[in-house]
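Remarks on the structure that follows.
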Amino acid sequence: MTDSEVAVGVTHAADDTMKMTGCGSCGMYMILEGAPGKSFVCMKCRLIELMEEKIRGLEMQVESLVEFRKGFEQIMEQRHEVSEGKSSDLQMEAGLGNFEGRLGEESGQWKHVTKRTRQRKRRASEGEIELQNRFAELENEEGAQQVVTEGDRARKKRRAVSPIGKGEELMEITPNMSPRRIQDGLKRITRENGNGKNLQPEGTGDRLENSTVTRKRQVYVIGDSLLRRIDRPVTRADPENRRVCCLPGAKIRDVDLRLKRILKGAGKNPLIILHVGTNDTARFSLESIKGDYVRLGRTLKEIEAQVIFSGILPVPREGQQRCDKIMTINRWLRQWCYKEGFGMYGHWEAFMDRGQFSRDGLHLSREGNRLLGWRLAQLIKRALN
C-alpha cells in the first residue's frame, strides 16, 4: 500500500470519529469526537441554566421575606389598634364617671367621686341649695373686725387648753411642728421668762431622747471578678441596704486585708457573702489556700457578722487537673465552714454548661452572670428570712 492510500485511510477514519453537532439550546455547531446524544447542550448553555435556577431561588426567598414583613406589619397594626381601643375605653369610663357625678348632683343622691376629679365627697341637700358668699363679711370694716375677733378668741381657747401655761401667751403648738422645733421654742421661752420653770409638755423630752431610727440589716457580697454585672439582680430588692464589692484579680489574702475597710459602717450583725478563691487555685497549693481561709475566718469572727462562703466555680479552660483541685477545696471548705459556724453555698452542678462561661473559659458570660446573680439573690432572701 502506498503512502497516499494510507493518508486517505487516516482521513476517512478521522471523519468517522469527528462529527459536527449542533446545540439544542443556542443552535451553535461544534465538532465533537464520537456520536453525541440527541439532546446535546453546550457548556455555556448549561452555565446559563444554573444561573437561572439560582435567580429563581433568590426570587422565592425575596417573596417569602416580603410576606413575612407584611404579616409583621399587620400584627403591629393590630396591637396599635388594641392599645388605642384601651385608651379610648378609659376615656369613655372617665366621661361616664363625670356624667354620673353630674346626674347625682342634679338628682340629690349620693355622689361617687374618683381621684381624677380631685373633689371631695359630699351629699346634696334634700331641699333647695342655698348659695351664699362666705367672704361677704370682709367687704366692710365691721365684718372684717368681727372675723379678726373670732380668730383671737379661738387662739385664746387653744392656749388655755394647752398644758404649757395658764393663760400666758407663750407658744402655740400645731400638729405639723417637729419635736425638735417644739423643744427649741420651749427653751427660748424659758430663757425669756427667767423663772426657771420647765414648760416642756409631758413626755416630749423622753420621746426626743429615746427616739431611734430602725435600720435594716446590711448585706455585702464581696469577691473577685466573677461578681461582675450581678449587682442588679442582687440589689434590686433593697438597693439602700445591699452592696456588691467586686475586686478584679483578688485572692483570699487581698479580701482579708480590705475586709474591715469595706465593712466600715456596716451596722450590727451584717450579712456577708464571700466569693473568692478562683485565682488562688491557679498559683498556690492546697495547704496554702486552706491557711488563707483560716486567717480570713479569724478576721470575720472579730467583726461579728453572719457569713456565708460561696463555692468556687469550675474553670473549663484549665482541664481536669485544676477542676479536681477546685472540687477538693470545695469539699474541705464545706467541712471547715460547718466546724467554724459559717455558711457554705455551692454552685458546681449549676455551672456545668460551657456556654455559661466566656471565651477565656474563666469569667462568666452574660447568661452565667444572670444565673449567679439570681442564685445569690435567692440565698440572701433565705438568709434574711
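The model shown is predicted, which means the values in this text are computed figures rather than measured ones.
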[atom1]/[X] to [atom2]/[Y] distance, rounded to the nearest 0.5 angstrom?
{"X": "Ser365", "Y": "Asp360", "atom1": "OG", "atom2": "CG", "value": "10.5 Å"}
{"X": "Lys325", "Y": "Thr281", "atom1": "NZ", "atom2": "OG1", "value": "6.0 Å"}
{"X": "Ile312", "Y": "Leu333", "atom1": "CD1", "atom2": "CG", "value": "7.0 Å"}
{"X": "Asp254", "Y": "Ile222", "atom1": "CG", "atom2": "CD1", "value": "13.0 Å"}
{"X": "Leu313", "Y": "Leu372", "atom1": "CG", "atom2": "CG", "value": "6.0 Å"}
{"X": "Ile272", "Y": "Ile303", "atom1": "CD1", "atom2": "CD1", "value": "5.0 Å"}

If you define the side chain from C-beta out and look only at heavy atoms, does anything of [X] sit under 4.5 Å from [Y]?
{"X": "Arg217", "Y": "Asn241", "value": "no"}
{"X": "Arg283", "Y": "Lys251", "value": "yes"}
{"X": "Ile75", "Y": "Lys70", "value": "no"}
{"X": "Gln378", "Y": "Arg375", "value": "no"}
{"X": "Ile380", "Y": "Val221", "value": "yes"}
{"X": "Trp332", "Y": "Lys290", "value": "yes"}
{"X": "Leu227", "Y": "Leu376", "value": "yes"}
{"X": "Ile273", "Y": "Val307", "value": "no"}

Is there a donor-acceptor pair closer than 3.5 Å between any side-chain N or O of [X] and the backbone N or O of [Y]?
{"X": "Asp224", "Y": "Gly249", "result": "no"}
{"X": "Ser288", "Y": "Ser285", "result": "no"}
{"X": "Asn330", "Y": "Gly346", "result": "no"}

Salt bridge or not between Arg69 and Glu73? Use side-chain N to carboxylate O under 4.0 Å. yes
Residues Asp256 and Arg253 bridged, charged N to O under 4.0 Å: no
Check whether [X] and [Y] end up in the same hydrophobic cluster, where Ile, Leu, Val, Met, Phe, Trp and Tyr are linked by side-chain heavy atoms less than 4.5 Å apart.
{"X": "Leu364", "Y": "Val234", "value": "yes"}
{"X": "Ile308", "Y": "Leu247", "value": "no"}
{"X": "Leu259", "Y": "Val244", "value": "no"}
{"X": "Phe284", "Y": "Val294", "value": "yes"}
{"X": "Val255", "Y": "Ile326", "value": "yes"}

Co-members of Val62 in a cluster of I, L, V, M, F, W and Y side chains, linked at under 4.5 Å: Val66
Other ILVMFWY residues reachable from Met76 by side-chain steps of under 4.5 Å: Phe72
Would you check, one step at a time, whether the test side-chain contact (heavy atoms from CB on, under 4.5 Å) holds for Asp280 with Ile329? CA-CA 11 Å; Asp280 296 77; Ile329 294 173; over 6 Å; no
Applying salt bridge (charged side-chain N to carboxylate O under 4.0 Å, His left out), can you list everything that pairs with [X], at least two apart in sequence or on another chain?
{"X": "Arg331", "answer": "none"}
{"X": "Arg229", "answer": "none"}
{"X": "Glu340", "answer": "Lys301"}

Check [X] against [Y] and note the closest heavy-atom contact, atom names and distance.
{"X": "Ser64", "Y": "Gln61", "value": "OG-O, 2.6 Å"}
{"X": "Pro233", "Y": "Ala377", "value": "O-CB, 3.5 Å"}
{"X": "Gly355", "Y": "Glu367", "value": "O-OE1, 4.2 Å"}
{"X": "Met344", "Y": "Gly311", "value": "CE-CA, 3.7 Å"}
{"X": "Ala350", "Y": "Gln356", "value": "O-OE1, 3.1 Å"}
{"X": "Cys246", "Y": "Pro248", "value": "O-CD, 3.4 Å"}

Going through the checks in order, is the salt bridge (Lys or Arg N to Asp or Glu O under 4.0 Å) test met by Glu302 and Lys260? CA-CA 10 Å; Glu302 295 176 359; Lys260 291 185 178 181; 2.9 Å; yes
Evaluate His80 against Glu77 for side-chain contact (heavy atoms from CB on, under 4.5 Å), listing each step before the verdict. CA-CA 5 Å; His80 184 65; Glu77 289 177 359; 5.6 Å; no
Quick check on side chain to side chain contact (heavy atoms under 4.5 Å, CB included): which of Leu384, Asn385, Leu379 does Lys381 satisfy it with? Asn385
Steps toward side-chain contact (heavy atoms from CB on, under 4.5 Å) verdict (Leu296, Phe309): CA-CA 11 Å; Leu296 178 60; Phe309 280 89; 3.9 Å; yes
Show your working on side chain to side chain donor-acceptor pair (under 3.5 Å) between Thr235 and Arg243 and close with a plain yes or no. CA-CA 7 Å; Thr235 62; Arg243 294 173 178 84; over 6 Å; no
Are there more than 12 heavy atoms of other residues, nucleotides or ligands under 6.0 Å from atom CZ of Arg295? yes
Assess whether atom CZ of Arg359 is packed by more than 12 heavy atoms of other residues, nucleotides or ligands within 6.0 Å. no
Between the side chains of Arg242 and Gln218, does any donor sit under 3.5 Å from an acceptor? no
Tell me whether the rings of Tyr293 and Trp336 are parallel (<30°), tilted (30 to 60°) or perpendicular (>60°). tilted
Pairs touching residues 346-367 that satisfy ring-ring contact (aromatic ring centres under 6.0 Å, His included), sequence neighbours left out: Tyr345-His347
Glu240 and Asp238: CA distance, side-chain angles, deciding distance, side-chain contact (heavy atoms from CB on, under 4.5 Å) verdict: CA-CA 6 Å; Glu240 296 181 357; Asp238 192 0; 4.2 Å; yes
